[in-house]
Asker: 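Have a look at the structure that comes next, please.
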Amino acid sequence: MARHLITSALPYINGIKHLGNMVGSMLPADVYARYLRQRGHDVLYICATDEHGTPAELAAKEQGLPVDEFCAQAHDAQKAVYDGFALAFDYFGRSSSPQNVEITQHFARKLNENGFIEERAIRQVYSPTDGRFLPDRYVEGTCPHCGYDKARGDQCENCTRVLDPTDLINPRSAISGSTDLEVRETKHLFLLQSKLQHEVEEWVSRHEDDWPQLASSIARKWLNEGLHDRAITRDLDWGVPVPADTWPELAAEGKVFYVWFDAPIEYIGATKEWSDKDPENRDWKSWWYEADDTVRYTEFMAKDNVPFHTVMFPATELGVREPWKKVDFVKAFNWLTYYGGKFSTSQKRGVFTDHALEILPADYWRYFLIANAPESDDSSFTWEHFTATVNKDLADTLGNFVNRVLSFSKKRFGEEVPAGGEPGPAEAALGEEIARLLTEYEQQMEALQFRKAAAALRALWSAGNSYLEEKAPWLEIKTDKDGAALTLRTAMNLIHLYSVVSEPFIPATSAAMRQAFSLTGDDAGWVSADEAKSLTSVPAGTPFTVPPVLFAKLTDDDLAAYKERFGGETAA
């Protein structure tokens, strides 16, 4: 089986993330990783908190904590939420780790040796009020391209255009709010991306036809506009230090690397963190170094991160002139909006992941978000849509099927799977349909088409309900007890099949369904086509229990309470 390296965009350390962040990278990466593991592949899913740059310093300042202490606490808080969402990272690291410092500095030295880093004097915004140079994110103002009045000095959150602080209209300090700003000269290191343009174009050309149109179009847009040399150092107290053995003057001034230089390298750094936990059994370099022919690397991210991962980080890797693994497939997502407006960490707009788990278990959110993933375009979260999806798909289609089958069988045949007669035409037709739908589900998962995969999974659940309605065992038992027993046994085998194939989407619910049956040695990772057709993995005589209600239906009172707490207008 293949070796699959999976990474999702690193969540910033400055606070708990919202549902848009979850569905834009980490959750679909987890669904894909779970699916591949079930199919027997060797999978390594790596993520980490992105801890450098101005967001960390500003958030720490707001809480009155030293930045290293703030980052340590925030990392643990974020990890707790991701554990609550059942994200099965192989390792969740920290970009402030010694491993990332080591590898980032190595990359910088190599780029310098190869002529792709240059020290330049530049004019930079300085705040007399704050007594310091202001890195790009410490400057806020109006975007010159779209007029958004809360644009940051590195990128406009509204139109995603990359900016320089001096581009902003009416700039102000993000620290003090002062508009008394000056432009002074200072020195920084620049990555000479312009010298790597041709190599990056060739590399993108070899991959873009395989990527989703969203990822390839963004990469091509950046390349068509031309790659510009970018400053990769900042005047901050917190970050990967510029190595003194290579740039003693800048190191003495306390320069650190720009967060967007070291953050992608943390994918490698976090893998080394993972490996260093068990060096006898883990080899981080086998995933990243000279691994082009042995590893398939898939990245998950929202569209605002695409340029950095399809152009800037590949340029860095190419310039190092070492055989580091570069991404094979970029799964890019549009934005999940909240009633048509943007989720925003900074503006605290929308539902945040910790609050989501306070309301309902993770599987409710996992299923809804993936079933409505913003793949082809932006999608909107509304409480009306959420409650309707939960009630129709989870409570009625899946949960009610499981409950009515197990409860009725227990009532009429006891606590063991009944035997009944031999399968007939209805069971044969069901088996063919299940095998067909399972193949469709597998194909969509392999293609990383998550909404279509969710639709195929939902169709699998619906097929069970259609079979049950057709056979009507509550009527059948009156005239053909063996026939009713066969129907229930077949339906129980469907429940077991659902428990296996639904695991990437709803792992806790899948575990509850599987544990309902006392099967010896039940370690099936997946369901083959033949097993799907025969529906015999749970034989007659197997003890079973009726699990608690899998999904509670949400009421109008629930809907009203959610909207009162989080806001949101009635969907048009």
Side-chain angles (χ1 to χ4, degrees), residues 12 14 50-61 67 104-105 108 111-112 116-145 148-157 160-195 225-244 246-263 307-308 312 315-316 346:
Y12 272 130
N14 63 329
D50 183 359
E51 301 189 5
H52 294 141
T54 53
E57 288 196 356
L58 291 173
K61 181 177 182 293
V67 66
T104 297
Q105 292 180 341
L111 287 164
N112 187 58
F116 296 118
I117 287 184
E118 183 175 281
E119 186 177 325
R120 295 179 181 176
I122 65 168
R123 295 176 64 75
Q124 185 175 338
V125 176
Y126 183 87
S127 170
T129 301
D130 300 307
R132 62 181 293 175
F133 284 101
L134 297 181
D136 41 20
R137 283 202 177 199
Y138 275 40
V139 185
E140 297 177 344
T142 299
C143 175
H145 302 289
Y148 181 61
D149 64 358
K150 295 182 179 63
R152 301 185 304 243
D154 64 336
Q155 187 176 26
C156 176
E157 185 183 48
T160 77
R161 292 289 292 267
V162 173
L163 301 172
D164 186 273
T166 56
D167 296 334
L168 294 173
I169 300 168
N170 300 321
R172 60 189 178 274
S173 167
I175 303 172
S176 62
S178 173
T179 57
D180 178 21
L181 304 180
E182 303 173 359
V183 177
R184 297 184 181 181
E185 188 172 283
T186 185
K187 290 183 178 180
H188 281 288
L189 299 179
F190 277 71
L191 177 62
L192 305 184
Q193 294 186 134
S194 59
K195 294 177 67 173
E225 291 177 354
L227 297 189
H228 302 289
D229 301 338
R230 295 279 296 174
I232 58 168
T233 52
R234 293 292 186 268
D235 293 283
L236 290 170
D237 297 326
W238 177 247
V240 174
V242 169
T246 309
W247 296 281
E249 181 182 342
L250 297 188
E253 293 174 3
K255 307 283 187 184
V256 301
F257 286 108
Y258 178 33
V259 62
W260 265 113
F261 181 72
D262 84 87
F308 301 102
M312 290 179 64
T316 297
S346 59

Asker: How long is the span from the CG atom in Asp149 to the CD1 atom in Ile169, to the nearest 0.5 Å?
Answerer: 11.0 Å
Asker: Measuring from Asp136:CG to Arg234:CZ, what's the distance to the nearest 0.5 Å?
Answerer: 4.0 Å
Asker: Please list, chain by chain and in numerical order, all residues satisfying side chain to side chain donor-acceptor pair (under 3.5 Å) with Glu182, sequence neighbours excluded.
Answerer: Arg184
Asker: Under the side chain to side chain donor-acceptor pair (under 3.5 Å) test, which residues partner Glu225, sequence neighbours left out?
Answerer: Lys221
Asker: Taking ring-ring contact (aromatic ring centres under 6.0 Å, His included) as the criterion, tell me which of Trp260, Phe257, Trp238 meets it with His52.
Answerer: Trp238
Asker: Using the rule given for side chain to side chain contact (heavy atoms under 4.5 Å, CB included), can you reason through Asp167 versus Arg161, listing the C-alpha separation, both sets of side-chain angles and the distance that settles it, and then say yes or no?
Answerer: CA-CA 11 Å; Asp167 296 334; Arg161 292 289 292 267; over 6 Å; no
Asker: Yes or no on side chain to side chain contact (heavy atoms under 4.5 Å, CB included) for Thr246 and Asn112, after CA distance, side-chain angles and deciding distance?
Answerer: CA-CA 9 Å; Thr246 309; Asn112 187 58; 3.6 Å; yes
Asker: Take Gln105 and Val240 through the side chain to side chain contact (heavy atoms under 4.5 Å, CB included) test and state the conclusion after the steps.
Answerer: CA-CA 8 Å; Gln105 292 180 341; Val240 174; 4.0 Å; yes
Asker: How long is the gap from CD on Gln124 to CD on Glu185, to the nearest 0.5 Å?
Answerer: 11.0 Å
Asker: Taking side chain to side chain donor-acceptor pair (under 3.5 Å) as the definition, give me every residue that meets it alongside Tyr258, ordered by chain and number, with sequence neighbours left out.
Answerer: none
Asker: Ignoring hydrogens and geometry, is there a side-chain-to-backbone donor-acceptor pair from His188 to Thr233 under 3.5 Å?
Answerer: yes
Asker: For Ala244 and Ala251, work out which heavy atoms get closest and say how close.
Answerer: CA-CB, 3.6 Å
Asker: Any donor-acceptor pair under 3.5 Å linking the side chain of Asp229 with the backbone of Gln193?
Answerer: yes
Asker: Residues two or more places apart in sequence or in another chain: which of them pass side-chain contact (heavy atoms from CB on, under 4.5 Å) with Lys187?
Answerer: Glu119, Ala121, Glu249, Leu250
Asker: How many angstroms lie between atom CG of Asn170 and atom CG of Leu181, to the nearest 0.5 angstrom?
Answerer: 11.0 Å
Asker: Listed by chain and number, what are the ring pair (Phe, Tyr, Trp, His ring centres under 6.0 Å) partners of Phe133, not counting sequence neighbours?
Answerer: Tyr126
Asker: Go through it in stages, so that I can follow the logic: the residues are Phe116 and Thr316, the test is side chain to side chain contact (heavy atoms under 4.5 Å, CB included), and I'd like the CA-CA distance, side-chain angles, deciding distance and then a yes or no.
Answerer: CA-CA 9 Å; Phe116 296 118; Thr316 297; over 6 Å; no
Asker: Hey, what do you get for CZ (Arg230) to CZ (Phe308), rounding to the nearest 0.5 Å?
Answerer: 6.5 Å
Asker: When you compare the side chains of Asp130 and Ser176, does any donor N or O come within less than 3.5 Å of an acceptor on the partner?
Answerer: yes
Asker: When you check the side-chain N and O atoms of Asp164 and Thr166, is any donor under 3.5 Å from an acceptor?
Answerer: yes
Asker: Mind listing the closest non-hydrogen atom pair of Gly141 and Leu168 along with its distance?
Answerer: N-CD1, 3.7 Å
Asker: So which atom in Gly53 and which in Leu236 form the shortest heavy-atom distance, rounded to 0.1 Å?
Answerer: CA-CD1, 3.8 Å
Asker: So which heavy atom on Pro144 is nearest to which on Leu163, and how close?
Answerer: CD-CD2, 4.1 Å
Asker: Would you check if Ile175 and Arg132 make a side-chain contact, meaning some heavy-atom pair closer than 4.5 Å?
Answerer: yes
Asker: Can you name the residues that form a ring pair (Phe, Tyr, Trp, His ring centres under 6.0 Å) with Trp247, not counting sequence neighbours?
Answerer: none
Asker: Can you give me the closest heavy-atom contact between Ala108 and Ile117, atom names plus distance?
Answerer: O-CD1, 3.5 Å
Asker: How far does SG of Cys143 sit from CD of Gln155, to the nearest 0.5 angstrom?
Answerer: 10.0 Å
